[in-house]
Amino acid sequence: MNMTVHSIKVGSRFMFGRYGVKNENPRPVIWLKTDEDCRMITEDAIDYICFDAKEPQNENIRIRYIGNCQYKLSNLLCLLNSDGEQWYRPAHLADTPPNVRNTNRWEEYENHYGFLYHFEDYEIESILPDSITIGGEAVTSLIRLPIAEEILGPRCFKLFRRKGIRPKASEDMDLNRGHTRLSNNSYVDFWLADYISPDNGSREGYASIISRSGSVDIKKPAESSGVRPVCRLKGDTPAILADDGIYRIQPYQVKQNIFTEDELMNFLGIK
């Protein structure tokens, strides 16, 4: 039976791409279809790392010690949209990579491969650039973090009107981030793209998360939280249903790479 991603119901499970907490041991990524626009969110939290590293040379003293809460400038956005072995490119003059000097040594990822490194060419080609508005500015990328209104409230993803919002740790995260004490039986907090506009000085510069209890909370960007990526597939992408009840993107010939590293940087406004 010929199917497309658009024709498959919201809530269905898809398997595409591979990611590993350790570079040498990637695991298949399981996604859930969130809405009729063919957006997907990972079923589990696939890792537990910082949003952005501390920036010791930043003029803003707060950013020096807690990291940068601006999603467009975050290390995590750059990691998620790279298909290279070396993903890090400075987003601004004071930027620093998430290494052992600038974040918790257990969650540093400067030397990790880009999130898209283990994706097949046809899988990457099936993903559409997607835009969200953060602080009045549009940010466009292939892979992104969710925003708060997609998880909670009247405008949330259709998926979450009938399914719980709290993810658990992937088996890979459970095995390789064991020091977090978050297992695949535990609910995991995860990063949002929105950053909180301060209502008092004590909240300034913090990034947003969905907490383990399922509410919006905050963390310092240089601290660690779960990663639960979102992407949007082309609706006419061919899909097949495997015997395990999980859909796959049907492999097809890719004529050319439609989204290069330089194009990504142009999308993000990073030169």
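Values in this document were obtained by computation on a predicted structure and should not be read as measured data.
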- prompt: Does NZ or CZ of Arg228 fall inside the cone over Phe190's six-membered ring, less than 6.0 Å from its centre and within 45° of the axis?
  reply: yes
message: Minimum heavy-atom separation for Asn81 and Leu142, please, with both atom names.
response: OD1-N, 3.0 Å
query: Does NZ or CZ of Arg177 come closer than 6.0 Å to the centre of the six-membered ring of Tyr48, within 45° of the ring's axis?
result: no
query: Would you say the side chain of Leu192 lies within less than 4.5 Å of the side chain of Ile210, judging by non-hydrogen atoms?
result: yes
- prompt: Does Arg64 pair with Glu55 as a salt bridge, N-O distance under 4.0 Å?
  reply: no
- prompt: When rounded to the nearest 0.5 angstrom, what distance separates CG in Leu128 from CZ in Arg39?
  reply: 9.5 Å
Glu149, CD: over 12 other non-hydrogen atoms inside 6.0 angstrom: yes
Sub-4.5 Å side-chain heavy-atom contact between Leu76 and Ile49: yes
query: Are Ile134 and Leu80 connected in the hydrophobic side-chain network, where two residues link if heavy atoms are under 4.5 Å apart?
result: yes
message: On a heavy-atom basis, which atom in Arg162 and which in Val10 lie closest, and how many Å separate them?
response: NH2-O, 3.0 Å
- request: Check Trp191 against Lys220 and note the closest heavy-atom contact, atom names and distance.
  value: CH2-O, 3.5 Å
- prompt: Does a side-chain heavy-atom distance below 4.5 Å link Ser170 with Met173?
  reply: yes
- prompt: In terms of side-chain geometry, is the basic nitrogen of Asp244 or Arg248 positioned less than 4.0 Å from the acidic oxygen of its partner?
  reply: yes
- prompt: Is Ile132 close to Tyr71 at the side-chain level, that is, under 4.5 Å between some pair of heavy atoms?
  reply: yes
task: State, with a plain yes or no, whether a side-chain heavy atom of Met40 is found less than 4.5 Å away from one of Arg232.
output: no
query: More than 12 heavy atoms of other residues, nucleotides or ligands under 6.0 Å from OH of Tyr252: is that the case?
result: yes
task: Please determine, by modelled atom types, if Ser211 and Asp189 share a side-chain donor-acceptor pair under 3.5 angstrom.
output: no
- prompt: Under a 4.5 Å cut-off applied to non-hydrogen side-chain atoms, are Ile240 and Tyr247 in contact?
  reply: no
field: Arg155/Glu150 ion pair, N-O < 4.0 Å
entry: no
Side-chain ion pair, Lys234 and Asp236, N-O less than 4.0 Å: no
query: Under 6.0 Å from the six-membered ring centre of Tyr206 and within 45° of its axis: does the NZ or CZ of Lys219 meet both?
result: no
- prompt: Below 4.0 angstrom, N of the basic side chain to O of the carboxylate: do Glu110 and Arg101 qualify?
  reply: no
task: For Asn75 and Pro97, work out which heavy atoms get closest and say how close.
output: OD1-C, 4.2 Å
query: Take atom NE2 in His6; do more than 12 heavy atoms of anything else shown fall under 6.0 Å from it?
result: no
- prompt: According to the interplanar angle, ranging from 0 to 90°, do the rings of Trp31 and Phe16 count as parallel (below 30°), tilted (30 to 60°) or perpendicular (above 60°)?
  reply: parallel
message: Below 30° counts as parallel, above 60° as perpendicular, anything between as tilted: where do the rings of Phe115 and Tyr19 land?
response: tilted
task: For residues Cys69 and Gly205, report the shortest heavy-atom separation together with the two atoms involved.
output: CB-O, 3.2 Å
